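Below is one structure, written out as structure tokens; the observations come after it.
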Amino acid sequence: MSDYNFAYLDEETKRMIRRAILKGVAIPGYQVPFASREMPMPYGWGTGGVQVTAACLTPEDVLKVIDQGADDTTNAVSIRKFFQLTAGVEVTEATAGASLIQTRHRIPEAALTEGQIVVFQVPIPEPLRFLEPRETETRKMHELEEYGLMHVKLYEDIARHGQIATAYAYPVKVEGRYVMDPSPIPKFDNPKLDGSPALMLFGAGREQRIYALPPYTKVVSLDFEDHPFEPSKADHDCDLCGASDTYLDEVIVDDQGGRMFVCSDTDHCRCRREAGHVGRLGVAA
Amino acid sequence: MTPLLQVRGIEKRYGARIGCTGVSFDLYPGEVMGIVGESGSGKSTLLSCLAGHLAPDQGQVIFDTRAKGPVDTVTMAEPERRMLARTDWAFVHQNPRDGLRMGVSAGGNVGERLMAVGARNYGQIRSSAEDWLGRVEIAADRIDDRPAAFSGGMQQRLQIARNLVTGPRLVFMDEPTGGLDVSVQARLLDLLRGLVRRLGLSAVIVTHDLAVVRLLADRLMVMKGGLVVETGLTDQVLDDPQHAYTQLLVSSVLQV
Amino acid sequence: MYVAVKGGERAIDNAHAWLAEERRGDPSVPELGVAQIREQLALSVNRVMAEGSLYDPDLAALAIKQARGDLIEAVFLIRAYRTTLPRFGASQPVDTAAMDCLRRVSATFKDVPGGQVLGPTFDYTHRLLDFKLMAEGEAPVAPGEPVEPAPVPHVTGFLNRDGLIEQEPESDAAPGDLTREPLELPASRALRLQSLARGDEGFVLGMAYSTQRGYARNHAFVGELRIGTCCIEMEIQELGFAVEIGEVELTECETVNQFKGSKTEPPQFTRGYGLTFAQNERKAISMALVDRALRWRELGEDDSGAPAQDEEFVLMHSDNIQATGFLEHIKLPHYVDFQSELELVRKIRAEAIAANKDAPDV
């Protein structure tokens, strides 16, 4: 692939994206418009994340790519391969060993550290979009900090269901100013956004937006005083490694209603098993 | 006493046509100003200019703000004006569909203004909503129903509750009883009069219905062709109209 | 013991290998050459060039072959390739009045200077399957005779001379570039036209059709439709003047629309404009109708709430590469999100069922 520049994008495009990233870092939670390029993978499949990653990668970086928390889901494999080909960087499955992690729908379980960058793939960056379809209107709402409607939605949830009925892409307020969509991570992951030592970057290719959470940014999940935000997960332990504090996937194992629960973060689960933890259906590593 | 609202030389043109021109008046706290005229007289254009929905071509709309005293809202920054619109001001539309969120429950509709200014306690928001539904004579068990399931009169009362929940100091009303049956109108008028008196509200009410202003307004402005042709105390204007147009207006009502 | 699904990488490689085999089809049937596609499926090639925003018939034909004839997939291949190309500069504005026309028709005048030229068109063909095409035969030859090159002036120019049609104010301002700047709304007419030119033919056609059926009707006549080749000139800085660097085939459509005016302003016809790469007349006409519908504000018309008048709606949804990517991404794994919804529904159901049990029977 020597026909293409390092990490596929030409330097001018990377510079344009880096400017957008810097602006995003300077105004945490604000959606910066950028001239998203057509990538060799479809819109909606991580083009925003891929462009942000391409703009951040250096030859010394160690890259980890996950989708649904796992390193070997098809789209994660495809994106990792893309950067192996176009950038030739070292790749890893170990969260701790990665300098840049591109992710779709999850934040790794292992604590992130200073110097790490997490790049999120974002389908719809606008947290107000399903309340107000017009971009011209939602930009004005952000500009004027008119977020009453967002709480009306939460109010309606409680009035109807007795609780806030948003399970993922749960909206947050950043540094007391911008309401932000954390991308479709389960709300279980929301607390990991708050005060994270890692730099978090969000790229939405089709919608042409980049936004950011610099390290140690205050991120609060929206709620009511008497209906506080609750990060939730399946009420089980991991059947492979026994972890009780991780986000779990439910796996249907037979057609008799049999099911098991396993860590969605495959790297975390493997590390625990290697350290000797054994779950209900697991065997010692 | 400082007027709550000082209107100075408001003019709005639509190309060559005059919407309204040369309108000035003062509104004192607790006072209700009625603006009457036939359709096309410029009264709705004037109301839109006063409430910041339309930018006038000339003139000032000076509001006595809590923080900074009298400020011209025409030249005020938009965020400030919009903040005013959801706190100290209220706007009751003729058609409740324009003033309500039809896809949101009655409680959500009333609660929105509270949440917009930072209320974050579900229980308190809900009990305020219940309280206000009661004040506009909507049964508490309708709190989770959507306005689409309400009659026209109930929708209008809900719109009023939604507007008054934040305790605004100035209410703009555009034909609040228009489009309602006569019996429903009477009930709504009665309710409005009670609220205005009890809360000491200041209001600007635009209507073509003299019965509305007779009941609610302390003072009256009569508009024709974009100009104010007569002003005065409501009873005075209605009982002893000076301008020929006002005379016509009053007599045509009395004939009915 | 349970082992989590592994082997995404191998599955992907195998899927791609299978795809390549399927693409070739039955090996006893001769393979389709790129040149054959370019020459014999030219209208497919044209569509891919127009929506791919890249004028290169060979690459478009290659993309069609690679995409197994899926034209949106082919457009995608061209777009992805196009992004990687360096930009050397911008050409001079193309002078479509100087077009070497192979087709040129006007619906507003019976005859016009330059003449009505039908050219190679499906119009007036009877849509009967021609079974002769199933057999290979001699290449058909159309009769022809030499023509003196004559100027073919724009039809709207005639109306313009009498002040009967609105005049677009001249401007030397460089238009924005959708592919280099994020689209911000409201967009200028130049940007709207750019967006429509690369927009999905089916989408733009549907929008245009909706205006004809009364959703923002604007009474369009095809003032002129012309197809032909135009020179592309570029100013070379070192030389200090423009030189011809090639030519492209273009389709241009100008519609003459409903006039506007008032008691004080004399009425004038208005226009809509469409321009696409190569022979692509359905697209060019559709584009002109939608362009005209989007101009309601500037022409002082009412917003009837029709989709074709809604700039944000049209521009945000016309691009088939964005649309197909986002639509198809719902095939990707979403089990983390689904799991969280599953937990939530279970929890709410459990609470609701418990509440019903506690409630006294009525």
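These numbers come from a predicted model, not from an experiment. The chains referred to below are lettered A, B, ... by the order of the sequence lines, with proteins before strands, and numbering in each begins at 1.
A/Asp226 places a side-chain N or O within donor-acceptor distance of the main-chain N or O of B/Tyr122, the cut-off being under 3.5 Å.
Between B/Gln124 and A/Phe224 there is no side-chain heavy-atom pair separated by less than 4.5 Å.
Only the side chain of B/Arg146 comes within contact range of chain A, with at least one heavy atom under 4.5 Å from a heavy atom of that chain. Residue contact with chain A, scored on non-hydrogen atoms closer than 4.5 Å, involves the side chain of B/Asp144 exclusively.
Between chain A and the residues B/Leu114, B/Val104, B/Ile125, the largest count of heavy-atom pairs under 4.5 Å involves B/Val104. Of the listed residues B/Ala119, B/Gly111, B/Gly107, the one with more heavy-atom pairs under 4.5 angstrom with chain A than any other is B/Gly107. The candidate from B/Gly123, B/Gly103, B/Gly108, B/Pro79 with the greatest count of non-hydrogen atom pairs under 4.5 Å with chain A is B/Gly108.
At a heavy-atom cut-off of under 4.5 Å, chain B is reached by no residue from residues 183-213 of chain A. Within residues 127-155 of chain A, the residues having any heavy atom closer than 4.5 Å to a heavy atom of chain B are A/Glu137, A/Lys140, A/Leu144, A/Glu145, A/Glu146, A/Gly148, A/Leu149, A/His151, A/Val152, A/Tyr155, listed by residue number.
Pairs of residues two or more places apart, or lying in two chains, that qualify as side chain to side chain donor-acceptor pair (under 3.5 Å) and include a residue from residues 98-111 of chain B are A/Glu156-B/Ser105, B/Arg101-B/Glu112, B/Asn109-B/Arg162. Annotation: side chain to side chain donor-acceptor pair (under 3.5 Å) contacts involving residues 114-124 of chain A, sequence neighbours excluded, comprise A/Gln102-A/Gln121, A/Thr113-A/Gln116, A/Glu114-A/Tyr216.
More than 12 heavy atoms of other residues, nucleotides or ligands shown are found within 6.0 angstrom of NZ on A/Lys173.
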